[in-house]
There are 2 protein chains.
Amino acid sequence: MSKGVEWAIHTLLNLAMLGDDKPVGSAQLAAGHGLPVAYHNKQLQSLVKAELLTSTPGPRGGFRLARDPDSISLLDVVLAIEGNGTLFRCTEIRQCGKIGELSTGGDGSTACAVKRAMYRGDVAWREALAAQKLSDVQKELDIDDPSVTTTVRRAFGRD
Amino acid sequence: MSKGVEWAIHTLLNLAMLGDDKPVGSAQLAAGHGLPVAYHNKQLQSLVKAELLTSTPGPRGGFRLARDPDSISLLDVVLAIEGNGTLFRCTEIRQCGKIGELSTGGDGSTACAVKRAMYRGDVAWREALAAQKLSDVQKELDIDDPSVTTTVRRAFGRD
DNA sequence: GTCTAAATACTCGGATACCCGCTGTCCGAGTGGTCCGGG
DNA sequence: CCCGGACCACTCGGACAGCGGGTATCCGAGTATTTAGAC
């Protein structure tokens, strides 16, 4: 899994902790965690396409959360960055080679058993991530370090 | 996830369906599903290192299952091919940049909340794969197409 | 003083190189089988 | 006929290229602000 996922989650959490609706520029967001500005900007565009962020151009522009943190799951973020493909990709090799040629019994309607089995793992992963909203992670973050919100606000020049 | 995982699972299943302990050469295993021989051989070596297969060199040599199919989980196969790393890699960017520098409150002992949250998804995925053994998939495969075992045996020149 | 309009500075957005890891291929090391010669 | 040794064919194992996607970077399109000028 690409680093962009970690970057996106932290960035979204920072925006959630700021709370207000003032846009924050890509440069500021990247500076918050010392990330390469231009590439991070590219990831933010992916989040905009996925409708997790809204962008406003021009001076005083930047990015805002498109929805409340309790309606954005970690799965949403992962899919926005990685694309909505599955972890395991079935190539249907069961239909190739000698075995594929000799195979005749099963009807072609049923999906490959290997595919089904691997997809069960995929579904478990997705459900676990979908169950966790940004607001949940934000709460945990606050429990670990109650001063984190103040720190973030200060890092972005608020207060 | 790399294709090698799909290849490895099908190959192990084929060996399980053959049942006997006669070694099968890398070339035959690859021909079973029309895979590139040399590269597939490379993957088989990974399975040997993970102690899922045993290899015997020389003429009449090849690969055999190292354990019973009911003691090999899909997770074992995935980790053997992909390495035992986690899906989500935490880079600790929370400690970098402006926010990292200003952050002081939380004790360094607790892991990043984002890391913990993502690892929950990782654990769910691993558990779902660990719960499914090769024998289970083999049974499903046999239900979908009762003639599959015969087909595989024939494809490998048995009977 | 106020309205208008142009210049400006700052932002996002997409097009362009770079690099690491999966993919694919090759050849060498090692082993068991086989064949030939001798007893 | 039986035994021993050398040859050989076949196997795995690791070392060597090729390519695609993530990574990183730059420059152009667009907009709100600012500012200068005219009324």
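Owing to the predicted nature of the structure, the values given are computational and were not obtained by experimental measurement.
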Side chains of residues 24-38 of chain B: which donor-acceptor partners sit under 3.5 Å, not counting sequence neighbours?
unit_1, atom_1, unit_2, atom_2, d
B/H33, ND1, A/I93, O, 2.8
B/H33, NE2, B/N14, ND2, 3.1

field: Atom-to-atom span, CD of B/Q45 to C1' of C/dT25 - whole angstrom
entry: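 In whole Å, C/dT25 C1' and B/Q45 CD are 13 Å from each other.
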field: Nearest-angstrom distance from the residue atom CG of B/L35 to C1' of C/dG24
entry: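 After rounding, the gap between these two atoms is 12 Å.
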message: Which residues pass the side-chain hydrogen bond (donor to acceptor under 3.5 Å, both in side chains) test with B/S2, not counting sequence neighbours?
response: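 Partners of B/S2 by the side-chain hydrogen bond (donor to acceptor under 3.5 Å, both in side chains) criterion, ordered by chain and then number, come out as B/E82.
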task: Output all residues satisfying salt bridge (Lys or Arg N to Asp or Glu O under 4.0 Å) with A/D122, sequence neighbours left out; order by chain, then residue number.
output: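 Checked A/D122 against salt bridge (Lys or Arg N to Asp or Glu O under 4.0 Å); matches are A/R126.
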- prompt: Who passes salt bridge (Lys or Arg N to Asp or Glu O under 4.0 Å) against B/E92, sequence neighbours left out?
  reply: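 Scan of B/E92 (salt bridge (Lys or Arg N to Asp or Glu O under 4.0 Å), adjacent residues dropped) gives B/R94.
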message: Test of understanding: clusters of I, L, V, M, F, W, Y form through side-chain heavy atoms closer than 4.5 Å, transitively. Do B/L87 and B/Y119 belong to the same one?
response: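 Same cluster: B/L87 reaches B/Y119 through Ile, Leu, Val, Met, Phe, Trp or Tyr contacts under 4.5 Å.
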- request: Identify, between A/N41 and A/M1, the residue whose nearest nucleotide on DNA chain D lies closer to the 5' end.
  value: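 Checking each residue's closest nucleotide, the 5'-ward one belongs to A/M1.
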Answer yes or no: is there a donor N or O on one side and an acceptor on the other, between the side chain of [X] and the main chain of [Y], under 3.5 Å?
X      : Y      : result
B/E140 : A/A113 : no
B/R120 : A/L129 : no
A/D76  : A/S73  : yes

query: Under a 4.0 Å heavy-atom cut-off, which of residues 3-16 of chain B touch DNA chain C?
result: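 Correct list: B/K3, B/W7.
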Other ILVMFWY residues reachable from B/I143 by side-chain steps of under 4.5 Å: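 None; B/I143 is a cluster of one.
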Would you mind writing out the side-chain donor-acceptor pairs for residues 45-69 of chain A within the sub-3.5 Å range, not counting sequence neighbours?
unit_1, atom_1, unit_2, atom_2, d
A/T56, OG1, A/G62, N, 3.3
A/R67, NH1, A/S71, O, 2.8

query: Which of these nucleotides, C/dG14, C/dT25, C/dC22, is closest to any side-chain atom of B/S2?
result: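 Closest nucleotide among those given: C/dC22.
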- prompt: Mind checking what makes ring pair (Phe, Tyr, Trp, His ring centres under 6.0 Å) contact with A/Y39, not counting sequence neighbours?
  reply: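 Partners of A/Y39 by the ring pair (Phe, Tyr, Trp, His ring centres under 6.0 Å) criterion, ordered by chain and then number, come out as A/W7.
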- request: Side-chain contact test, heavy atoms from C-beta onward, threshold under 4.5 Å: evaluate it for A/V78 versus B/M118 and give yes or no.
  value: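 When only atoms from C-beta onward are counted, B/M118 and A/V78 do touch, with a gap below 4.5 Å.
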query: So which pairs with a foot in residues 2-22 of chain B pass salt bridge (Lys or Arg N to Asp or Glu O under 4.0 Å), sequence neighbours left out?
result: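 Salt bridge (Lys or Arg N to Asp or Glu O under 4.0 Å) check on residues 2-22 of chain B returns B/D20-B/R158.
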Between the protein and nucleotides 15-20 of chain C, which nitrogen or oxygen pairs are less than 3.5 angstrom apart?
none

Using nucleotides 8-11 of chain C, report all nitrogen or oxygen pairs with the protein that are shorter than 3.5 Å.
unit_1, atom_1, unit_2, atom_2, d
C/dT11, O4', A/G58, O, 3.1

Contact boundaries on DNA chain D for chain B, cut-off under 4.0 Å to non-hydrogen atoms: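 Contact span on the strand: D/dA9 to D/dG14.
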